[in-house]
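Remember, it's a predicted structure, so these values are computed and weren't measured experimentally.
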Amino acid sequence: PADVIEIYGQDVTHAGIRRQLSDLANRIRPDDSVFVYAMLPSADRAGTDYLLAADSQPSEVWTLIGRDEFEEAAGII
């Protein structure tokens, strides 16, 4: 369907994920339903769960996406 947004492989960058969530948030209407499914590898750093985008470096925590950050961005939609 035209309303399905899919991104794969090297396109699943930190910026790409944020851009898709932001674009989606700007397009939906109050009565719309949204389902976000993200199949990304994860890593635990000091008790915090992170998602790894295509451009993440597991040893460099600043390149990871905090699961809370992702869920908050998805929840705004």
S.K.: Would you please name every residue forming a side-chain hydrogen bond (donor to acceptor under 3.5 Å, both in side chains) with Gln57, sequence neighbours left out?
M.R.: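 side-chain hydrogen bond (donor to acceptor under 3.5 Å, both in side chains) check on Gln57 returns nothing, list empty.
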
S.K.: Count I, L, V, M, F, W, Y as connected when their side-chain heavy atoms are under 4.5 Å apart, and connections chain through other members. Are Ile7 and Leu51 then in the same cluster?
M.R.: yes

S.K.: What residues form a side chain to side chain contact (heavy atoms under 4.5 Å, CB included) with Phe35, not counting sequence neighbours?
M.R.: Tyr37

S.K.: Mark yes when over 12 heavy atoms from residues, nucleotides or ligands other than Glu60 sit less than 6.0 Å from its CD; otherwise mark no.
M.R.: yes

S.K.: Please output the side-chain donor-acceptor pairs of residues 11-18 that fall under 3.5 Å, not counting sequence neighbours, one pair per line with the distance.
M.R.:
{"from": "Thr13", "atom 1": "OG1", "to": "Gly16", "atom 2": "N", "distance (Å)": "2.9"}
{"from": "His14", "atom 1": "ND1", "to": "Thr63", "atom 2": "O", "distance (Å)": "3.4"}
{"from": "His14", "atom 1": "NE2", "to": "Arg18", "atom 2": "NH1", "distance (Å)": "3.3"}
{"from": "His14", "atom 1": "NE2", "to": "Arg18", "atom 2": "NH2", "distance (Å)": "3.3"}
{"from": "Arg18", "atom 1": "NE", "to": "Glu69", "atom 2": "OE2", "distance (Å)": "3.3"}
{"from": "Arg18", "atom 1": "NH2", "to": "Glu69", "atom 2": "OE2", "distance (Å)": "2.1"}

S.K.: Going by salt bridge (charged side-chain N to carboxylate O under 4.0 Å, His left out), name the pairs with one or both residues in residues 29-41, residues two or more places apart or in two chains.
M.R.: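 Those involving residues 29-41 are Arg29-Asp32.
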
S.K.: Is Leu64 close to Leu52 at the side-chain level, that is, under 4.5 Å between some pair of heavy atoms?
M.R.: yes

S.K.: If hydrophobic clusters are built by linking Ile, Leu, Val, Met, Phe, Trp and Tyr wherever their side-chain heavy atoms come under 4.5 Å apart, do Leu40 and Ile5 end up in the same one?
M.R.: yes

S.K.: Take Tyr50 and Ile65, measure what side chain to side chain contact (heavy atoms under 4.5 Å, CB included) needs, and give me the verdict at the end.
M.R.: CA-CA 5 Å; Tyr50 292 95; Ile65 302 170; over 6 Å; no

S.K.: With salt bridge (charged side-chain N to carboxylate O under 4.0 Å, His left out) as the rule and sequence neighbours excluded, what pairs involving residues 33-53 come up?
M.R.: Asp49-Arg67

S.K.: Determine the minimum heavy-atom distance between Gly9 and Ala54, stating which atoms define it.
M.R.: O-CB, 3.4 Å

S.K.: Kindly say whether Ala53 contributes a backbone atom to a donor-acceptor pair with the side chain of Ser56 at under 3.5 angstrom?
M.R.: yes

